[in-house]
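Notes for the one structure printed next.
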There are 2 protein chains.
Amino acid sequence: MSITSAATLATLDRSGPRRITDLAVIEGVTQPAMTVLVRVMEESGLVERRGDASDKRVTLVCLTKAGTSYVQTRHQTGVDAFARLIDELTDDEVEALVAALPALAHLAELESQDQEGSKR
Amino acid sequence: MSITSAATLATLDRSGPRRITDLAVIEGVTQPAMTVLVRVMEESGLVERRGDASDKRVTLVCLTKAGTSYVQTRHQTGVDAFARLIDELTDDEVEALVAALPALAHLAELESQDQEGSKR
DNA sequence: GAGAGATACATAAAGCATTCATATAAATAT
DNA sequence: ATATTTATATGAATGCTTTATGTATCTCTC
């Protein structure tokens, strides 16, 4: 399971079914790489490919139940690990972090837009 | 320049000359991968290999001037990019971030120890 | 001191993820 | 109707990494 595969599954979990070309742009890889990646994950049962009635060229990539379960399990694992780290902080430290969450979220948003910009 | 190469250069910048096996452990790759990586970077002029008088088996990997310059340029690029993001925050947001820096640093430290633990 | 076992690193082959090049089909523009 | 663009598939090449293995050196035990 490569980084790009995992990221692609997370993207699908977040945003729902996407075209292969969309996913390639979002994940910063070439279209053929995404085509192969999707095929491998389809064979693993994590995603399925569907056509698009409005455009016969398009393949829509959708998470399967197994795929969704996989993503959510991984996400929960990350959340749990983070919680364990947070548990080791002092109350003051936690408070400061909580107070900084809006700023951190804003930073993440700005960074995300930056990445989109630089890909265009 | 792979992620592992860049990370290895940063490690050398931070910690000084290291053995190939140390670097492999630190960067989470196998020893042969690190051997090859170091050779490639040596050929690029970014590192040099030195023996160790106390143990003839050992190769110590050291940054060259060009390597140091490369690492510091990349670091500054990252700092500049981050500063541009910070410039887009409100004063309140910046304040909250500054107040949270000790907590963030502590988190990073804990996470770093976690990673070391899981590699052993 | 000799030999066994462990350690450090080099080298080759294999595997995996990705890009580049190209082809086919469908959609859009002229 | 034709030219151009878009969406995706496929094959070949490339780069990074792991696995397997070999050589040299060091350390420990007898």
Side-chain angles (χ1 to χ4, degrees), chain A residues 1-12 15-63 67 70-71 74 115-116 118-120, chain B residues 1-12 15-63 67 70-71 74 115-116 118-120:
Chain A
M1 173 63 71
S2 70
I3 286 180
T4 308
S5 299
T8 302
L9 292 175
T11 295
L12 289 169
S15 69
R18 305 292 307 229
R19 296 177 175 207
I20 282 176
T21 42
D22 284 346
L23 289 171
V25 169
I26 290 165
E27 305 304 337
V29 297
T30 59
Q31 170 262 312
M34 185 53 71
T35 298
V36 172
L37 183 155
V38 165
R39 187 171 68 216
V40 170
M41 288 196 294
E42 186 188 25
E43 286 162 6
S44 302
L46 297 171
V47 305
E48 64 189 0
R49 301 151 64 89
R50 293 188 192 144
D52 179 340
S54 62
D55 188 337
K56 290 196 173 21
R57 302 171 299 180
V58 169
T59 295
L60 286 173
V61 186
C62 321
L63 280 181
Y70 178 83
V71 171
R74 275 184 72 114
Q115 280 203 328
E116 274 186 37
S118 71
K119 276 173 191 157
R120 292 178 184 161
Chain B
M1 172 64 72
S2 70
I3 286 179
T4 307
S5 300
T8 301
L9 292 175
T11 295
L12 290 170
S15 69
R18 305 292 309 228
R19 296 176 176 207
I20 281 176
T21 43
D22 284 343
L23 289 171
V25 169
I26 290 165
E27 306 305 338
V29 297
T30 59
Q31 169 262 314
M34 186 54 70
T35 299
V36 171
L37 184 155
V38 165
R39 187 172 67 216
V40 171
M41 290 197 292
E42 185 188 26
E43 285 163 7
S44 302
L46 297 171
V47 305
E48 63 190 359
R49 301 153 61 90
R50 295 190 192 143
D52 179 341
S54 61
D55 187 337
K56 288 191 179 8
R57 300 171 300 180
V58 169
T59 296
L60 285 172
V61 186
C62 320
L63 279 182
Y70 178 83
V71 171
R74 274 185 72 118
Q115 277 204 330
E116 273 185 38
S118 72
K119 276 176 194 159
R120 293 179 184 159

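Note that the structure is predicted; figures quoted are calculated from it, not measured. Convention: sequence-line order gives letters A, B, ...; per-chain numbering from 1.
With S5(B) contributing its side chain and M1(B) its backbone, the two residues share no donor-acceptor pair below 3.5 Å.
The side chain of S2(A) sits closest to dA17(C) out of dA7(D), dT17(D), dA17(C). Listed nucleotides: dA7(D), dT25(D), dT17(D). Nearest to the side chain of V58(A): dA7(D). For V29(A), counting side-chain heavy atoms from C-beta on, the closest listed nucleotide (dC26(D), dT19(C), dT17(D)) is dT19(C). When the nucleotides dA6(C), dT17(D), dT8(D) are ranked by their closest atom to the side chain of R57(B), dA6(C) comes out on top. When each of dT8(D), dT11(C), dT10(D) is scored by its nearest atom to the side-chain atoms of V36(B), the top-ranked nucleotide is dT11(C).
In this structure, I20(B) places its CD1 atom 16 Å from C1' of dT17(D), rounding to the nearest Å. In this structure, the CG atom of L23(B) is 17 Å from the C1' atom of dC16(D), given to the nearest Å. Atom CE in M34(A) sits roughly 17 Å away from atom C1' in dT10(D) (whole-Å rounding). In this structure, Q31(A) atom CD and dG11(D) atom P are separated by 14 Å, rounded to whole Å. Atom C1' of nucleotide dT8(D) and atom CG of L60(A) are separated by 12 Å, given to the nearest angstrom. Rounded to an integer number of Å, the gap from CZ of R18(B) to P of dA8(C) is 13 Å. Note: CZ (R39(B)) to P (dG15(D)) measures 14 Å, nearest angstrom.
Judged by closest nucleotide on DNA chain D, I3(B) is the one of I3(B) and K56(B) placed further toward the 5' end. Residues P32(B) and D55(B) both approach DNA chain C. Their nearest nucleotides, taken by heavy-atom distance, put D55(B) toward the 5′ side. In terms of position along DNA chain C, the nucleotide closest to L37(A) lies nearer the 5' end than the nucleotide closest to the other residue of the pair L37(A) and A53(A).
Counting any heavy atom pair closer than 4.0 Å across all strands shown, T59(B) reaches sugar-phosphate atoms only and no base atom. Among the protein residues, S5(B) comes within range of no part of the nucleic acid, since none of its heavy atoms lies under 4.0 Å from any strand.
Under the 4.5 Å side-chain criterion, counting only non-hydrogen atoms from C-beta, E42(A) is in contact with V47(A).
Closest non-hydrogen pair, L12(A) versus R18(A), comes out as CD2-N, 3.9 Å. Shown here for Q31(B) and I20(B), the closest heavy-atom pair between the two residues is O-CG2, 4.1 Å. Closest heavy-atom contact between T4(A) and T8(A): O-OG1, 2.6 Å.
Distances shorter than 4.0 Å separate none of the side-chain N or O atoms of T21(B) from OP1 or OP2 on dT7(C). Residue R19(A) has no polar side-chain atom (N or O) positioned under 4.0 Å from OP1 or OP2 of dT6(D).
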